[in-house]
Amino acid sequence: MIVTRFAPSPTGALHIGGARTALFSWLLAKHSGGKFLLRIEDTDRERSTEENTKQILDSLLWLGLDWVDKPIKQSMRYDVYNAQVERLLEEGKAYYCSCSPEEVEAMREEARAKGLKPKYNGKCRELGLGPAPHHVVRFKTPHTGKTVYEDMVKGTVAWDNSELDDMIIRRTDGWPTYNLAVVCDDHDQGVTHVLRGDDHVNNTPRQILLYEALGYELPKFGHVPMILGPDKKKLSKRHGARSVLEYELDGMLPEALINYLARLGWSCGDQEIFSIQELIEKFSTQHLNKSAAAFDPDKLLWLNSQHIKEASDDRLASLLAGQLAMLGIGGSDASCISYLKKIIPLYKPRAKTMKEMAEAAAFFVLPDRELKYDDKAVSKFLTEEIKPHLKTLAEKFEALETFDQPSLEAVVQAYLDETGLKFKVLAQPLRVALTGGTVSPGLFETMEVLGKDSTLARLHRALGMLRGE
RNA sequence: GUCCCCAUCGUCUAGCCUGGUCCAGGACACCGGCCUUUCACGCCGGCGACAGGGGUUCAAAUCCCCUUGGGGACGCCA
């Protein structure tokens, strides 16, 4: 069975790069009915926080990337790691080192000066030092040979072992370093496929060597390329490095973000729009791209609009309620929700985000008396010569028994036939009167949803404004 | 600097493994048109790329080499 994992370190919020690696790992597991695990890598005691951990879990949940079992935390496995470090020590595969950070830095400088790769020079390797408070433990990296592996996305990758130095596996504070902890955890959790960011490629040979030293079976490794900003530079706060939760606040649908992230670096022929289910069915590491991809906010927006069209009215109504609440409008009671549900179909084809929908549909929800009229629109369309027509129309609407689209349309059409006017002449004035602005869904559907009372109240209010009231 | 990786329209990508069907296909964005009651949606059309140079071959986007460009790593961070 395929077992994958996502192992964030809670030193910040989950951003889209991390979300995408999590997604790919999740898909890899789901595709084959395997398990997707979660692990919190919080051995950096200083920068890891509970808030970040919670935020990351919330983000994953919002995206729908659910995991099996309780997430393990590295901070709770001190003894486990140290048992392995002791074992390596006993087996002569690791040794104590007394070199200070300054000394090591000097060694690196020396190597750099010679045009070589900066490394620890192995000074304590054969000294047979014992434990002491200021001693770290280093791994005895083979000096010769090659470390080669088959990357799930990159293909064969190889290093000369001489490129590597004797890495620290236990710090002076007794905690293990990343590479050791990861190897122990992935082994103990039964992880079979490690899919992670490109920045970990260089850790892979070190980890492979540790796997071998510990006598563990190797998992498969895969490294997904980084996400770049729209400017092809490293992702910054400005474009996509925002947290996943911010996308929710902006009115993105989780499935849209998932769809976008999936297509960024992965493809399935020419298909652009995927449901979560389709992604699970069609995902394969075979089609993961090898090169870095730039984040394109426009395409995300387009995908979001596509997914909005597919989402149910019920769900969108409650999301809309949430967005309106953020704007300080409306309530979330049942009657309000059922009203919003009638609004949704009018905006499904035109909204790119739920936030945008809320802003555009606010006029529906605002009480008639609080509707704000756009000055420019009023002076341009609510003119003196249009007034009699709006007044007559209001009277005709009032007489209607069934206040729905066909009846409204019939009334207006009859009036047009009677007066010889073009609908164009009446449409914008009506729209301004009812919505306060010049942009809205179709007039008749808008009126039907507003209902007779609101429609008339707004028409009268607009008429009143004409008189300068 | 050293090592690792990458390179198709502005962007995401298909094609590359298993050379010919590719004077390179799709999508976003952009431009034009249609539809139209505003804004959208939708539909139709347009613009637009194999980084450069050498090979191999009857034939290269596809295979090989070099150059250039980009990214990553080189921590008692993960």
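All of these numbers come straight from a predicted model, not from anything done at the bench. Letters go in sequence order (proteins before strands), and every chain restarts at 1.
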**Q.** Donor-acceptor pair under 3.5 Å, A/Ser440 side chain vs B/C39 base
**A.** no

Q | Complementary nucleotide for B/C63 - Watson-Crick or wobble, under 3.5 Å | A | B/G55

(Q) Would the base of B/U13 count as contacting A/Arg263 through its side chain, where contact means a donor and an acceptor less than 3.5 Å apart? (A) no

Q. Quantified in whole Å, what is the C1' atom distance between nucleotide B/A61 and nucleotide B/U8?
A. 7 Å

Q.
Expressed as a whole number of angstroms, how long is the span from A/Phe423:CZ to B/U36:C1'?
A. 11 Å

Q) With both distances kept under 3.5 Å, what pairs with B/G1, Watson-Crick or G-U wobble? A) B/C74

Q: Once you apply the 3.5 Å cut-off to both distances, tell me the Watson-Crick or G-U wobble partner of B/U68, or none.
A: B/A7

Q: In whole angstrom, give me the gap between the P atoms of B/C4 and B/A60.
A: 31 Å

Q.
Looking at A/Met252, is its backbone amide N or carbonyl O close enough to the side chain of A/Asp250 to form a donor-acceptor pair, meaning the two atoms are under 3.5 Å apart?
A. no

Q) Can a donor-acceptor pair under 3.5 Å be found between the side-chain atoms of A/Asp199 and the base atoms of B/G72? A) no

Q.
Between the base of B/A78 and the side chain of A/Asn203, is one N or O donor paired with an acceptor at under 3.5 angstrom?
A. yes

(Q) Return the pairing partner of B/C30 with a 3.5 Å limit on both distances, Watson-Crick or G-U wobble; otherwise return none. (A) B/G46

Q: Flag the pair A/Trp26 / A/Phe6 as yes when their ring centroid distance falls below 6.0 Å, and as no otherwise.
A: no

Q. Can you tell me how far the CG atom of A/Asp185 sits from the OH atom of A/Tyr81, to the nearest 0.5 Å?
A. 3.5 Å

Q: Grab the CD-P distance between A/Glu102 and B/G75 for me, whole Å please.
A: 14 Å

(Q) Check for me whether the distance between the ring centres of A/Tyr178 and A/His200 falls short of 6.0 Å. (A) yes

